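All remarks here apply to the structure that follows.
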Amino acid sequence: MHLGFDWDSKDMSILLLAKLAKPLMGTARIVINSLHIKGELLLMPVLDGRAVLYSFVSIPEVRIGVAFGSGGSQSLPATELPGVSSWLVKVFTDTLVKTMIEPRRRCFSLPAVDLRKKAVGGIVYVSVISASKLSRSNLRGSPPRRVNGSFIEHFDDKYLQTFVEVELGHLTRRTDVRPGSNPRWDSTFNMFLHEETGTLRLHLYNRPPNSVKYDYLASCEIKMKYVADDSTTFWAIGPDSGVIAKHAEICGKEVEMVVPFEGVTSGELTVKLVVKEWLFSDGSHSLNNVSSQKSIYGSSNILSRTGRKINVAVMEGKGLISKERSGKCDPYVKLQYGKVLQKTRTAHSSNPLWNQKFEFDEIVDDRCLKIKCYSEEIFGDESIGSARVNLEGLMEGFIRDMWVPLEKVNTGELRLQIEAVQVNDSEGSRGSMSGSFNGWIELVLVEAKDLIAADLRGTSDPYVRVQYGSLKKRTKVMYKTLNPHWNQTLEFPDDGSPLELHVKDYNALLPTYSIGDCVVEYQGLPPNQMSDKWIPLQGVTRGEIHVRITRKVPELQARNSLESDTSLIKSHQISNQMKQLMIKFQSLIEEGSLEGLSTALSEMQSLEDMQEEYMVQIETEQMLLLNKIKELGQEIMSSSSSLSRRSSGL
């Protein structure tokens, strides 16, 4: 069905900031204030009316109205710039040609039921099965070949050595090379979709014998879209610019498509697709033939977006690439969420096992966990892939166990387990109370390694400036080194503030130079247990800092009545040991045993040290008890005053 389309809108205002080169040099404000599109639409019902594919028959007429502003961040006067409107029209039409000019089509779904869910990602298994009817004479990238001393334009198709590159967003994977005009690969790849629609591009290449170069031959596309009834629609360009459309009613259902290569006269590719899971913004998910499962704790829409922890466990990896000829791979993983950067230990396998767990504070405005995988090398670590995981919709009580494929490489996956944990009120408020006996943070800045050189001589004079809320402290300066050792202890009252470390290069005359910074996570640490960690520095290409951090909490805060009884027993034990030791002293003096007296003196010194520590503990507990009694009295007074006001009102 053909439909005339004429759309004109003047109720719009899109601001663009353009940086201009010579001779203008500066920043210009360009405002798009009108858009007119006129063309002929082609509507094609598919899947028995459950969806409609639509596209423009030809490039439509496009007009874009622009105005040139002034002020704000603009450094140029309001001057009309020639060619801006025509350039915007070209950008707009080029985008249309790639997405919805015949035979490129978009899909409008017509589900019987609308579950009103927003899909934010999905896991798709792509199986490249085989190709057929490949003919070198009908494919691109076929340069002349030398055979028996002479060049020929084409030769037997048995010399074809082909592979397929699968592309979904920034994620790419390759099959093995197979010979002949009807190659079979049977390769399956785990792909990740970051929104509710995606375009799967499949590129066919030929690897000539005894050559390191690849010849591009042809490509085809398969598009997929989440449908509001928890199903998935797939469509592609068919033979003679026709339509191939498939529908998977539930997750886990396999769809097979035979798609012709575009722009060539022969050749088609057989692909099988399985959507394993759709993830939704409300925390529900469609998984393994089960539609819209929810946590027993309900939807995450009712959960607070603050006060939660995101626990990320890096479990294992598989198929990681090695850039060394020996095949050696020493991988480690960096996780970044917000400004916090965490790092796993280095493994020594292309299929490593880490089983390391990291904790992040949930951030309201950041729903993306960034992952980078590196291989540790002598002359600088090499990137062996990266990935992004959408954390939107995480629910408490549900662990998201997933294999994440690495992008910008041809192989490699990481297994992560992610969960959201609500922090208890007592834990969340710990350290937020004022007072000198509510605990403190003990931070030991041990050392740093592999810092960047800030001086011309190839060294630095590093020190650390520590910022804890409004408090600032700093370490001593270590001169002319990239691997400083401070071994310096700093203490702060535990009020829950962010703990930031800023590594600086000291300069007596010029301003200090930053050589990295990081955030130390401590809020989830158990009381009085030291955490020893190496933290990668952010904002620089390399460098790590070694810290030991402890949340010091007076023992009375975690002590129960049984422990109080143990303390009483301990005091009696010290007293009895003192009495027995005095009796022993009298007998040794009567015997005149010098060796025995020396041993007894050592025992006495140990008992005195123990007694002194115990007295300090008793004094601390006494102060804490008095403080609690004072707080209780204040609460009683405030409650009694409120009761008196109520009674007077009655």
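Each residue takes its place number in the sequence, starting with 1. For clarity, every value in this text was computed on a predicted model and none was experimentally measured.
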Any salt bridge linking Glu61 with Lys38? Criterion: basic side-chain nitrogen under 4.0 Å from a carboxylate oxygen. no
Does any part of the side chain of Leu279, heavy atoms only, come nearer than 4.5 Å to the side chain of Arg400, both counted from C-beta? yes
Heavy atoms, side chains only, cut-off 4.5 Å: are Asp381 and Tyr332 in contact? yes
Donor-acceptor pairs under 3.5 angstrom involving side-chain atoms of residues 238-247: please list them, not counting sequence neighbours.
{"unit_1": "His247", "atom_1": "ND1", "unit_2": "Arg50", "atom_2": "NH1", "d": "3.4"}
{"unit_1": "His247", "atom_1": "NE2", "unit_2": "Ser231", "atom_2": "OG", "d": "2.9"}

Flag yes if more than 12 heavy atoms outside Arg542 fall under 6.0 Å of its CZ atom; otherwise flag no. yes
Evaluate whether atom CH2 of Trp87 has more than 12 neighbouring non-hydrogen atoms of other residues, nucleotides or ligands under 6.0 angstrom away. no
For residues 176-197, the ring-ring contact (aromatic ring centres under 6.0 Å, His included) pairs (sequence neighbours left out) are Phe192-His194
Tell me whether the NZ or CZ atom of Lys276 lies within the 45° cone about the ring axis of Trp403 and under 6.0 Å from its centre. no
Matching residue for Glu221 among Lys98, Arg104, Arg105 - test: salt bridge (charged side-chain N to carboxylate O under 4.0 Å, His left out): Arg104
Tyr374 (side chain) donor-acceptor with Lys334 (main chain) under 3.5 angstrom: no
Between Asn311 (side chain only) and Ala420 (backbone N and O only), is there a donor and an acceptor less than 3.5 Å apart? no
Would you check if there is a donor-acceptor pair between the side chains of Ser55 and Glu102 at a distance under 3.5 Å? yes
Could you pull out all residues at least two apart from Tyr205 that satisfy ring pair (Phe, Tyr, Trp, His ring centres under 6.0 Å)? Phe163, Tyr216
